[in-house]
2 protein chains.
Amino acid sequence: MADVFGFDNPVKRRHHNWAKWDVADDELPMTIADMDLPTSPQIVQALHDKVASATYGYEDIPQEYYEAVQGWLTRHHRFTPPLEWMSFATGVIPALSSLIRTLTTVGDNVLMLTPVYNIFFNSAANNGRHPLASPLDYENASHTYSINWADVEKKMALARTTMMVVCNPHNPSGLVPEPEDLAHIVRLARQYGVIVVSDEVHGDMLWDDTLDYTPILSLPEPLRGNVIELISPSKTFNCAATHACMVLIADPNLRAHAVRGFNNDEIAEPNLTAVPASIAAYRDSDEWYAAMLSYVRANIELVNDTLAREMPLITPVKMAATYLPWLDCTDLFAAHPSSPVSSVSPDYQSTEVEALDRPHTVSDEFTAFIRQTSGLLVNPGGEYFGNGATFIRMAVACPRHQVEDALARLKRSYDLWCEQH
Amino acid sequence: MADVFGFDNPVKRRHHNWAKWDVADDELPMTIADMDLPTSPQIVQALHDKVASATYGYEDIPQEYYEAVQGWLTRHHRFTPPLEWMSFATGVIPALSSLIRTLTTVGDNVLMLTPVYNIFFNSAANNGRHPLASPLDYENASHTYSINWADVEKKMALARTTMMVVCNPHNPSGLVPEPEDLAHIVRLARQYGVIVVSDEVHGDMLWDDTLDYTPILSLPEPLRGNVIELISPSKTFNCAATHACMVLIADPNLRAHAVRGFNNDEIAEPNLTAVPASIAAYRDSDEWYAAMLSYVRANIELVNDTLAREMPLITPVKMAATYLPWLDCTDLFAAHPSSPVSSVSPDYQSTEVEALDRPHTVSDEFTAFIRQTSGLLVNPGGEYFGNGATFIRMAVACPRHQVEDALARLKRSYDLWCEQH
């Protein structure tokens, strides 16, 4: 397929204040979940048009924004939410943090399935709530995760558990909850008086054709009253800095309460890029989206093939979703243990931890070793709690040659680690 | 002077989701404080360049942003704050709301001088704090405001008063506090354990050559420890939707506390326009700035001259700052009273009020009458509490012909009001 969107060409991000690229000149960052690919030409054009207006005053949110979101969900996810379910917020994490403040009380438990995107922990802990982990079960033989229902129910039933944050599909495990999984979560939540907030920013990127992402509000009544769905073009269209999130809430009372919180927290007003970028993404960028999916899927296959061939002691978890391969290094650390001084044992599994006070794990030691020996930056799995201590995470939505470079660097570090441990 | 920046040409804002222009086709909005003038070409170019990067991921805040702010304050306000005093927030009101949450306690009084920008009241009330007004003194003969120091001290001394929000220069009164005024406020605040937050977004627009705006942190030690200064290019450069505010705090402990709050409240990360627009504004746009000042000054003079000639019962307060003429209609309402049914008496002066629960005033009746009879929208002074009940406010940073249109509409409504009342 011709590279009509320029995915093979590197986007200049070094020395341009991108957080991901704040690294030394010879280092290669594969960490933060944004793309090193150009976004859709329609988004770029929409922002050029907006900038050309030369006047950047206070904005309204037009009806066509809500319609664009509705159209996207209808075309790609067979889900047509009423427009009145939607409210704007300046981002998924600002919305989540505000919802935690508005809908729970200081000291409450906020339940989440680990390993999970670590900022969920911060949102809870920063606001004086207790991030409560329900670790996913992990089958070592098949390298697959599943929900531990007994543990979820036990923790949902705690009096202080008032919110559960779901990551659907799940980052970093790549788990795609089935509709029945989501329904079971919502039923338990109803039973125990828990509000479910579902972060669905990875819902547009699935790699297993036998699986569908299920928008949580597409569940039938009565499974909607205690549910909040967060979507954003940020991951799919590489536009996190447009600061746009759509919050979908079916229940009018819950919605009014949540939106009041967004207003008080001053996260309800769009900057000048949020509206045009979101409309161009959701309404006009299907062609770019299809090409991006195909391109990133090939990157993930390249990672899988290269690891199997050259680094057999690192096994990618079966990636059903996200562009963030989650790499199981348990066999590597078993065959080549880290130094005993600076790491915890590979069978360490965190269950209830503070966001910013996690133990140093072998994954931290390994990623530091990789950076030191090859200049490659990947995320230590310990960041994500659960059984992450023996995993690493690598973002691969980037030009193919960058993935090849990253894999070559990883191979160099892998060989050195095996030699030295 | 040649119109090199196109100020005479209307910027197309009707039907483009600008909040100010969400009006009927035959209506003319002169309300919200954003400009209908094109912003500086350097800002437009900087945003075009940023948009052209086609990748909109997570950003860092570069050193050159802080240096641009420092350079602006040095060149235009003889004040060179250390870079380490500065922190980024997504806007002045998000920062103010966060500071109120972080640095005061539910039930505390937040003191402010009225009439004042009404959103200050919302920031306090939305967060369970009590907006406490100290009305400015007003001399009817000279149409000038001054601070009632006895009242300020009485209210500062209340045990529950823990923050004072200053508007420097003052919106809507146009009052420019002298350095000694600011010093006196800060001394009283130190004496009574009050934190002073100064919103200085109007500091770049002064019309009285005998007066200077004083950045509050340019006061000498020991008048800095309990002070927070908020600046933004939003008003000066017509870029409110770039969502950028610089928070200056000299005291390191206070700064650490405040910044922790910005992080918890998720207002510490820049969208993709905040950094390039702010740098281009503060570093590269002095020529545009000088031309804009000259243009808007002429608009204000046109308002003053036209009122004196054609509408003698409306008297503009001497506008030392802001592009928001504050028009005293006391004589008009004395000569032509409103209907007694729907208004309060012209000598109504609010002192302690809830943000969203203010009485209907004659200014509301008059502005509704203006809208109905000529399609002109201006703000009723009652919105701003204090003695605003007999005032109206009109934003005039727009093409000259738009000011002329607005004045012609106002004249039509004025004549009709005089006929019918």
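Letters go in sequence order (proteins before strands), and every chain restarts at 1. What you see is a predicted model, and the numbers here were worked out from it, not measured in a lab.
- Ser53(A) touches chain B through backbone and side chain together, each having a heavy atom under 4.5 Å away.
- Interface remark: Ile93(A) contributes backbone and side-chain atoms alike to the contact with chain B (heavy atom separation under 4.5 Å).
- Across every non-hydrogen atom of Val51(B) and Leu47(A), the tightest pair is CG1-CB, 3.6 Å.
- Of the two parts of Thr39(A), the backbone and the side chain both hold a non-hydrogen atom closer than 4.5 Å to a non-hydrogen atom of chain B.
- Contacts between Ala274(A) and chain B at a heavy-atom distance below 4.5 Å are absent for every atom of the residue.
- Contact of Val11(B) with chain A is made through the side chain alone, with heavy-atom distances under 4.5 Å.
- When each of Ala33(B), Pro62(B), Pro38(B) is checked for heavy-atom pairs under 4.5 Å with chain A, Pro62(B) comes out on top.
- Proximity to chain B is absent for every atom of Pro41(A), based on heavy atoms less than 4.5 angstrom apart.
- Neither the backbone nor the side chain of Ile61(A) comes within less than 4.5 Å of any heavy atom of chain B.
- With a threshold of 4.5 angstrom between heavy atoms, His243(A) approaches chain B through side-chain atoms but not through N, CA, C or O.
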Q: Apply side chain to side chain contact (heavy atoms under 4.5 Å, CB included) to Tyr65(A) and Asn17(B), showing your working.
A: CA-CA 11 Å; Tyr65(A) 184 178; Asn17(B) 305 314; over 6 Å; no
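- Between Ala241(B) and Gly57(A), the closest heavy-atom pair is CB-O, 3.3 Å.
- Remark: the backbone N or O of Asn126(A) is paired with a side-chain donor or acceptor of Asn264(B) at under 3.5 angstrom.
- One finds the CD1 atom of Ile267(A) at 10.5 Å from the CD1 atom of Ile267(B) (value rounded to the nearest 0.5 Å).
- Taking all atoms of both residues into account, the shortest heavy-atom contact from Asn238(A) to Ala54(B) is ND2-O, 4.5 Å.
- With respect to chain B, the highest number of heavy-atom pairs below 4.5 Å among Gly6(A), Pro270(A), Ser98(A) belongs to Pro270(A).
- Across Thr55(B) and Trp18(A), no two heavy atoms sit closer than the pair O-CH2, 2.8 Å.
- Your options are Lys20(A), His16(A), Glu269(A), and the one with the most heavy-atom pairs under 4.5 Å with chain B is Glu269(A).
- Heavy atoms closer than 4.5 Å to chain B are found in the side chain of Ser123(A), but not in its backbone.
- When heavy atoms are compared at a cutoff of 4.5 Å, Thr242(B) approaches chain A by way of both its backbone and its side chain.
- From Thr273(A), atom OG1 reaches atom CG of Leu272(B) across 4.5 Å, with rounding to the nearest 0.5 Å.
- Here the straight-line distance linking atom CG of Asp34(A) with atom OH of Tyr58(B) works out to 7.0 Å at 0.5 Å rounding.
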(Q) Is there a side chain to side chain contact (heavy atoms under 4.5 Å, CB included) between Thr90(A) and Glu266(B)? Walk through the geometry before answering. (A) CA-CA 9 Å; Thr90(A) 59; Glu266(B) 304 292 350; over 6 Å; no
